[in-house]
Participant: 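Have a look at this one.
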There are 2 protein chains.
Amino acid sequence: MDLIRIYQCFCDPTRLRILHLLSQTPLCVCHFQEILDEPQVKISKHLAYLRERGMVVAERDQNWMIYSLPKKRDAELQANLKCLQDCVQTDSIFKRDLRALAKLRTKADAPDGALLA
Amino acid sequence: MDLIRIYQCFCDPTRLRILHLLSQTPLCVCHFQEILDEPQVKISKHLAYLRERGMVVAERDQNWMIYSLPKKRDAELQANLKCLQDCVQTDSIFKRDLRALAKLRTKADAPDGALLA
DNA sequence: CGAGCATATACCGGCATCGGCATATTCGTC
DNA sequence: GACGAATATGCCGATGCCGGTATATGCTCG
């Protein structure tokens, strides 16, 4: 029942927003802080939660930790991420997150590997 | 963020099995007991949890409570139920549940409204 | 009305989650 | 080696979930 692990990860708003953003591009913790407007601890802990359960992978780039979706995802995760994308279209919070991400991208002060997709 | 409510409902194995079965046909509590092989209290509580959150509806037929998916489901629930159906195809537990359901149907001792779909 | 079946609820203990505060770790720079 | 930036972790209290035992409710039938 790997599905359970997926749904457990999906059932918190902060984690859902994180996964939604990562569907667009890899990001580091400080980007999440800025886009989601949440304290560092909170972000960091949710990322740890997701990492422990294989929903995201992390890679160090100097001072930054760059988080992304795993390259190889099993069918269940892939299907649910797709479903999430579909469901999220109309929600104002997720739309706002996307706008904030776009704004960050124009700044172009990103560490290697993040924000370039 | 209605999505959160959906994922909270999806993140327990018993509830997931219940929803999967209800995607096939309405059922009453004692059918769940038999198919899932779980105690009555457990089933009843998970059904209450799902009912309070609008994932299922209940209707009384004499002594029985017949549970089913709501006729009108919003897009998010519909999408996720579909996704669940897709993800579940290969899982042995869910397949076993379907076999147990089929066996129940042949008995044809169901109360009105359940098991007839 | 009393018995019995089907289902729901109250209460409890154990455990996970969540968020916050403080502190630790890791890396780059001077 | 000290410092600062970026991130992670330990500890805590509050809350919610989960499953079990016992008990209550609703319905039917004799």
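Chain identifiers are assigned alphabetically (A, B, ...) following the order of the sequence lines, protein sequences preceding nucleic acid strands; residue numbering begins at 1 within each chain. None of the values given here were measured: they were computed from a predicted structure. These numbers come from the heavy atoms of this one structure, side chains and all, not from hydrogens, waters or symmetry mates.
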Participant: Of A/Pro39 and B/Ile43, whose closest DNA chain C nucleotide lies nearer the 5' terminus?
Facilitator: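 It is B/Ile43 whose nearest nucleotide is closer to the 5' end.
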Participant: So does A/Tyr67 get a side-chain nitrogen or oxygen closer than 4.0 Å to the phosphate oxygens (OP1/OP2) of D/dA8?
Facilitator: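 Indeed, a polar side-chain atom of A/Tyr67 lies that close.
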Participant: Rounded to whole Å, please give me the gap between CG in B/Leu50 and P in D/dC18.
Facilitator: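 Roughly 10 Å, once rounded to whole Å.
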Participant: What integer distance in Å separates B/Trp64:CH2 from D/dG26:C1'?
Facilitator: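 So the CH2-C1' distance, B/Trp64 to D/dG26, works out to 13 Å.
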Participant: When you check the phosphate oxygens OP1 and OP2 of D/dC17, does a side-chain N or O of B/Arg15 lie under 4.0 Å from one of them?
Facilitator: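 Checking D/dC17 against B/Arg15, no side-chain N or O comes under 4.0 Å of OP1 or OP2.
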Participant: Just how far, in rounded Å, is C1' of C/dC18 from CG of A/Leu16?
Facilitator: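 After rounding, the gap between these two atoms is 16 Å.
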Participant: How long is the line joining CD1 of B/Ile4 and P of D/dG16, in whole Å?
Facilitator: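 My rounded result for the distance is 16 Å.
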Participant: Which nucleotide in the list C/dC18, D/dT7, C/dC21 gets nearest to the side chain of A/Asp12?
Facilitator: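 Out of C/dC18, D/dT7, C/dC21, the nucleotide with an atom closest to A/Asp12's side chain is C/dC18.
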Participant: Look at the side-chain heavy atoms of Ile, Leu, Val, Met, Phe, Trp and Tyr, link any pair under 4.5 Å apart, and say whether A/Leu50 and A/Leu101 land in one connected group.
Facilitator: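 Yes, same cluster.
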Participant: Would A/Trp64 and A/Val41 show up in the same hydrophobic cluster when neighbours are defined by side-chain heavy atoms closer than 4.5 Å?
Facilitator: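 No; tracing contacts between hydrophobic side chains, which count when under 4.5 Å, never links both residues.
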Participant: Where the side chain of A/Arg53 meets the backbone of A/Arg5, is there a donor-acceptor pair that is under 3.5 Å apart?
Facilitator: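 No, A/Arg53 side chain to A/Arg5 backbone: no donor-acceptor pair under 3.5 Å.
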Participant: Within this structure, what is the CD-to-C1' distance between B/Glu59 and C/dA6, rounded to whole angstrom?
Facilitator: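 The distance from CD of B/Glu59 to C1' of C/dA6 comes to 16 Å, rounded to the nearest Å.
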Participant: In whole Å, what is the span from the CG atom of B/Leu47 to the P atom of C/dT9?
Facilitator: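 So the two atoms are 11 Å apart, to the nearest Å.
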Participant: So, under a plain 3.5 Å distance rule, would you say the side chain of B/Gln40 forms a donor-acceptor pair with the base of C/dA6?
Facilitator: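 There is none.
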Participant: Whole angstrom is fine here: how far is it from OH in B/Tyr49 over to C1' in D/dG19?
Facilitator: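 Spelled out: OH on B/Tyr49 to C1' on D/dG19 is 15 Å.
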Participant: What does the list of N/O pairs under 3.5 Å between the protein and nucleotides 28-30 of chain D look like, with a distance for each?
Facilitator:
{"from": "D/dT28", "atom 1": "OP1", "to": "B/Gln62", "atom 2": "OE1", "distance (Å)": "2.6"}

Participant: Find which nucleotide of DNA chain C each of A/Arg60 and B/Arg51 is nearest to by heavy atoms, and output the residue with the more 5' nucleotide.
Facilitator: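 Of the two residues, B/Arg51 wins.
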Participant: Of A/Glu52 and B/Lys42, whose closest DNA chain D nucleotide lies nearer the 5' terminus?
Facilitator: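 Upstream on the strand: A/Glu52.
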Participant: Would you indicate whether B/Gln85, at its atom CD, is surrounded by more than 12 heavy atoms from other residues, nucleotides or ligands within a distance under 6.0 Å?
Facilitator: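 Enclosed: over 12 neighbouring heavy atoms sit under 6.0 Å from CD of B/Gln85.
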Participant: Should B/Tyr49 and B/Val56 be regarded as members of a common hydrophobic cluster, given that ILVMFWY residues are connected when their side-chain heavy atoms come within less than 4.5 Å of each other, either directly or indirectly?
Facilitator: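 No; tracing contacts between hydrophobic side chains, which count when under 4.5 Å, never links both residues.
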Participant: Does the side chain of B/His46 get closer than 4.0 angstrom to OP1 or OP2 of D/dC17 through an N or O atom?
Facilitator: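 Result: no.
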Participant: Rounded to the nearest Å, what distance is computed from the CD1 atom of residue B/Ile66 to the C1' atom of nucleotide C/dA6?
Facilitator: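 Going from CD1 in B/Ile66 over to C1' in C/dA6 covers 12 Å.
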Participant: Are any of the side-chain heavy atoms of A/Leu47 and A/Phe32 separated by less than 4.5 Å?
Facilitator: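 A side-chain contact under 4.5 Å exists here.
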Participant: Can you tell me which residue among B/Ile93, B/Leu98, B/Asp91 is in a side-chain contact (heavy atoms from CB on, under 4.5 Å) with B/His20?
Facilitator: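 Result for side-chain contact (heavy atoms from CB on, under 4.5 Å) with B/His20: B/Leu98.
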Participant: Taking the side chain of A/Val41 as its heavy atoms from C-beta onward, which of C/dA22, D/dT7, C/dT17 lies nearest to it?
Facilitator: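 That would be C/dA22.
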Participant: Do you reckon B/Val57 sits in the same ILVMFWY cluster as B/Ile66, going by side-chain contacts under 4.5 Å, direct or chained?
Facilitator: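 Shared cluster, no.
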Participant: Does C/dT17 have OP1 or OP2 sitting under 4.0 Å from an N or O in the side chain of A/Arg53?
Facilitator: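 So the side chain of A/Arg53 is within the cut-off, an N or O lying under 4.0 Å from OP1 or OP2 of C/dT17.
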